[in-house]
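One structure is given here, and the rest of the page talks about it.
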There are 2 protein chains.
Amino acid sequence: MPQTVRPSEEVSIADVAARAGVSVATVSRVLNGHTNVRQPTREKVLAAVAVSGYRINELARNLRTAESRLLLTMVPDFGNPFYAAIVRGIDSVARQNGYFMLLCDTGADPLRERSYFDLLRGRRADGAICLDPAAVQKALAEEASALPWVACCEFDPAAGVPYVGIDNHAAAGDVVRYLVGRGHRKIALINSGHGYLYGRQRFEGYRDALVAAGIEAHPAWQIELDSLDYTAGEAAARQLAALGADRPTAVFAVSDTLAIGVINGLRGAALSVPEDVAVVGFDDIAVAAHIDPPLTTVAQPMQELGETAAHLLLKRLREPEAQVAGVLLPHQLILRRSA
Amino acid sequence: MPQTVRPSEEVSIADVAARAGVSVATVSRVLNGHTNVRQPTREKVLAAVAVSGYRINELARNLRTAESRLLLTMVPDFGNPFYAAIVRGIDSVARQNGYFMLLCDTGADPLRERSYFDLLRGRRADGAICLDPAAVQKALAEEASALPWVACCEFDPAAGVPYVGIDNHAAAGDVVRYLVGRGHRKIALINSGHGYLYGRQRFEGYRDALVAAGIEAHPAWQIELDSLDYTAGEAAARQLAALGADRPTAVFAVSDTLAIGVINGLRGAALSVPEDVAVVGFDDIAVAAHIDPPLTTVAQPMQELGETAAHLLLKRLREPEAQVAGVLLPHQLILRRSA
DNA sequence: CTGAAAGCGCTAACAG
DNA sequence: CTGTTAGCGCTTTCAG
């Protein structure tokens with residue numbers, strides 16, 4: 001016969017029922033705010049709860065109701081302030097809807113992402129929001145398409161997964177057109193490499209806008225990085241500065257962290273911004289407005305991106321059958337002094 | 001009679017057992033890697049698992065084993081890169097030990113923190129790491145001291161809660177002594193206000209070092225803020241710049257975000273750093289090295305702070321009775337160009 | 001080495 | 001309005 005090993009202080013719903021002189025069903029009813037309980041009975045129960053110090057065991061409730069009330073959020077790097085703002089948006093609507101957020105840093109590693117997705121399969125999370133590179137998502141797409149998840153920022157409209165993001169192609173075009181309007185014709189692109197779909201979209205926006213302006217880009221002006229670190233931006237800037245006569249007069253970096261690194265790298269090469277080289281970033285993270293020179297950048301509605309992702313997911317949980325379309329939020333070019 | 005509403009595709013351990021022609025107990029044994037199962041039997045089970053596409057329901061396991069394998073982390077603001085680095089440290093050791101991390105942003109709000117602590121009470125998390133202001137923690141101290149949690153960065157040695165942090169008093173003293181050594185006698189302190197214990201500790205370190213150097217501080221040089229935003233730092237800088245002849249020649253800000261704001265504010269007042277005013281920050285967040293001028297600051301071992309906190313908590317979970325002492329990690333003054 | 005069976009603590013039919 | 005009872009899906013004695 002299995003024995004109960006719980007410490008004596010653990011009080012269960014049955015204890016409360018006994019103390020109140022009612023059934024466990026009644027206790028459950030008042031706990032869950034059902035209305036069909038007489039007032040005196042309700043009070044008896046509440047009193048018993050109070051004196052016994054009872055706390056509901058949500059693990060048991062979770063099993064019974066078959067939900068964990070947890071939303072999983074996967075980010076490639078929560079050291080990047082860009083993600084922090086989005087995560088805050090997710091968190092706020094999750095909480096408003098009675099969910100908590102399980103935050104995981106995948107480091108853009110497919111294996112780690114896979115193991116996090118197992119949280120869904122094991123019912124430990126009810127749904128997931130994925131901010132990982134599309135390449136990483138893709139590996140999962142087939143087998144995971146039935147799982148309740150949505151994509152945020154990184155998305156492949158063709159993947160059949162609900163998503164929210166911005167029009168990266170247009171945004172990159174806006175930047176190039178602005179720069180061209182200011183007289184620049186030698187415009188570099190510092191891009192995050194490989195897996196990121198937004199990288200490709202922004203590259204295409206950059207290329208198309210250049211073509212439309214009748215400008216041919218020097219191959220050396222297009223740099224692919226495998227990191228969004230400040231340091232990576234610095235290295236890219238040095239590389240560009242070394243071009244001598246072929247040096248670009250403007251640089252478009254696909255992330256503010258990169259752009260800040262670029263500015264610093266340019267400074268190290270005795271080039272001043274924006275006089276010698278104009279610099280435009282992307283994201284509009286908090287620090288962008290507070291450096292020297294203040295960064296001209298494309299603002300993404302970060303908080304709203306997160307909120308929308310959470311709403312999309314919640315909707316998918318409520319109506320599993322409903323077809324949820326992808327949504328694109330507006331971006332905005334913020335003019336400051338760096339370009 | 002209650003009916004089973006689970007979709008037909010949901011397969012349970014009983015289905016696997018039936019398919020393999022064994023009992024659920026045996027399936028469970030195989031799943032949990034128990035050794036007392038004959039090889040042929042094990043293979044039958046594994047085969048049945050594979051063909052049925054069975055995934056263990058961790059909610060059920062959690063109820064049975066009475067643990068959630070989740071660690072709760074509460075931060076006052078995950079927009080601050082300082083916290084991001086710590087959180088990464090926590091996450092890495094949590095994962096190494098088979099736990100996932102539930103990350104919550106309390107906004108330094110006692111009510112929200114309380115509600116998060118309820119996750120512990122409801123067994124949805126096995127333990128917690130709290131980075132909130134001591135004042136917020138204190139409200140919980142009495143009733144929550146029995147709960148398995150540890151404090152990180154913010155700690156009251158007298159509270160009886162295991163903690164990890166740095167010696168803030170000494171660190172602030174180091175900054176002041178360095179500044180005095182460079183000839184400064186008019187040293188301002190820009191502090192986070194109110195609740196934060198580290199604020200008080202750093203203030204005392206600042207004050208004591210000043211006294212030891214025989215310097216009397218002008219009251220106007222001590223500014224209390226209720227935010228660590230860049231903007232808050234900027235406002236403080238303007239305030240200091242307006243002092244005219246009484247203007248300090250050095251500023252010690254208790255956070256890098258504040259310090260970056262200060263530098264920007266000073267620049268707005270046409271004061272240059274470090275020539276007119278030297279600026280020292282605290283934390284050594286990633287961007288600190290990449291602004292102009294690069295920030296002199298006190299580095300905290302952020303990753304290690306998080307890792308240690310997680311280890312402390314894990315130890316407390318394993319040995320509930322053991323007395324865990326507080327631990328102080330070394331800090332380091334990083335000299336760059338801002339001071 | 002394997003199986004039967006007793007729950008973990010809770011919710012929700014169903015019957016009264 | 002309230003109680004009885006059957007599980008949710010799993011782990012773990014205890015017997016054989």
Side-chain angles (χ1 to χ4, degrees), chain A residues 1-45 48-49 52-69 121-124 126, chain B residues 1-45 48-49 52-69 121-124 126:
Chain A
M1 177 154 295
Q3 85 281 33
T4 303
V5 270
R6 311 199 63 68
S8 56
E9 37 135 346
E10 292 295 345
V11 18
S12 77
I13 197 173
D15 301 331
V16 175
R19 190 184 298 251
V22 301
S23 72
V24 293
T26 299
V27 176
S28 175
R29 282 192 269 259
V30 339
L31 255 29
N32 289 286
H34 295 188
T35 50
N36 50 349
V37 179
R38 260 186 332 134
Q39 190 55 25
T41 314
R42 176 182 306 278
E43 277 159 14
K44 264 194 312 192
V45 171
V49 167
S52 62
Y54 169 74
R55 308 284 314 188
I56 193 170
N57 181 328
E58 313 216 38
L59 251 29
R61 167 185 282 174
N62 286 346
L63 171 59
R64 186 56 233 227
T65 59
E67 56 177 15
S68 63
R69 306 299 296 183
R121 299 203 181 80
R123 315 306 227 122
R124 292 177 69 185
D126 292 342
Chain B
M1 174 153 298
Q3 86 282 31
T4 303
V5 272
R6 311 202 60 71
S8 55
E9 35 136 349
E10 291 295 343
V11 20
S12 77
I13 196 172
D15 302 331
V16 175
R19 189 184 297 253
V22 300
S23 72
V24 295
T26 299
V27 176
S28 175
R29 283 190 268 258
V30 174
L31 258 27
N32 290 286
H34 294 189
T35 48
N36 51 350
V37 179
R38 258 184 336 134
Q39 190 55 23
T41 314
R42 175 181 307 277
E43 277 160 13
K44 266 194 308 193
V45 170
V49 166
S52 62
Y54 168 74
R55 309 285 311 189
I56 193 169
N57 181 329
E58 313 216 39
L59 252 29
R61 168 184 283 175
N62 285 346
L63 171 59
R64 189 54 232 232
T65 59
E67 58 177 15
S68 63
R69 306 299 295 184
R121 300 201 182 81
R123 315 306 226 120
R124 291 178 68 187
D126 293 341

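Each chain gets a letter, A, B and so on, in the order its sequence line appears, and its residues count up from 1.
- A:A17 and A:S23 make their closest contact through CB-C, 3.7 Å (heavy atoms, listed as atom of the first residue, atom of the second, distance).
- Put simply, the side chain of A:N62 reaches to within 4.5 Å of the side chain of B:R124, judged on heavy atoms.
- Looking at residues 34-43 of chain B, you'll see B:N36, B:V37, B:R38, B:T41 sit with a heavy atom under 4.0 Å from some atom of DNA chain C.
- Residue B:N32 is classed as a sugar-phosphate contact, given heavy-atom separations below 4.0 Å to backbone atoms only.
- You'll find the side chain of B:R69 stays beyond 4.5 Å of the side chain of B:R61, heavy atoms only.
- A heavy atom closer than 4.0 Å to some atom of DNA chain D occurs in A:G21, A:V22, A:S23, A:V24, A:A25, A:T26, A:R29, these being the qualifying members of residues 19-29 of chain A.
- For the pair A:R42 (side chain) and A:R29 (backbone), a donor-acceptor distance under 3.5 Å is absent.
- Among the heavy atoms of the strands, none lies under 4.0 Å from A:L59.
- Heavy atoms of A:L31 sit nowhere under 4.0 angstrom from any nucleic acid atom.
- Between B:A66 and A:L59, the shortest heavy-atom contact is C-CD2, 4.3 Å.
- For the side-chain contact (heavy atoms from CB on, under 4.5 Å) test with B:V16, the passing option among B:V49, B:V22, B:L31 is B:V49; the others fail.
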- Message: Working note: A:S28 + A:I13, criterion side-chain contact (heavy atoms from CB on, under 4.5 Å); need CA distance, chi angles, decisive distance, verdict.
- Response: CA-CA 8 Å; A:S28 175; A:I13 197 173; 4.0 Å; yes
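- To the nearest angstrom, C1' of D:dC10 lies 8 Å from CG of A:L63.
- Here the straight-line distance linking atom CD1 of B:I56 with atom CG of B:N32 works out to 6.0 Å at 0.5 Å rounding.
- In this structure, A:R124 places its CZ atom 14 Å from C1' of D:dC10, rounding to the nearest Å.
- Between the CG atom of B:N62 and the C1' atom of D:dC8 there is a distance of 13 Å, rounded to whole Å.
- Separating the CG atom of A:N57 from the P atom of C:dC8 is a distance of 11 Å, rounded to the nearest angstrom.
- The distance from atom CZ of A:R38 to atom CD of A:E43, rounded to the nearest 0.5 Å, is 10.5 Å.
- Checking D:dC8, C:dC10, D:dT12 against every side-chain atom of B:R64, the shortest atom distance belongs to D:dT12.
- Computed from coordinates, the A:I13 CD1 to C:dT11 C1' distance equals 8 Å when rounded to whole Å.
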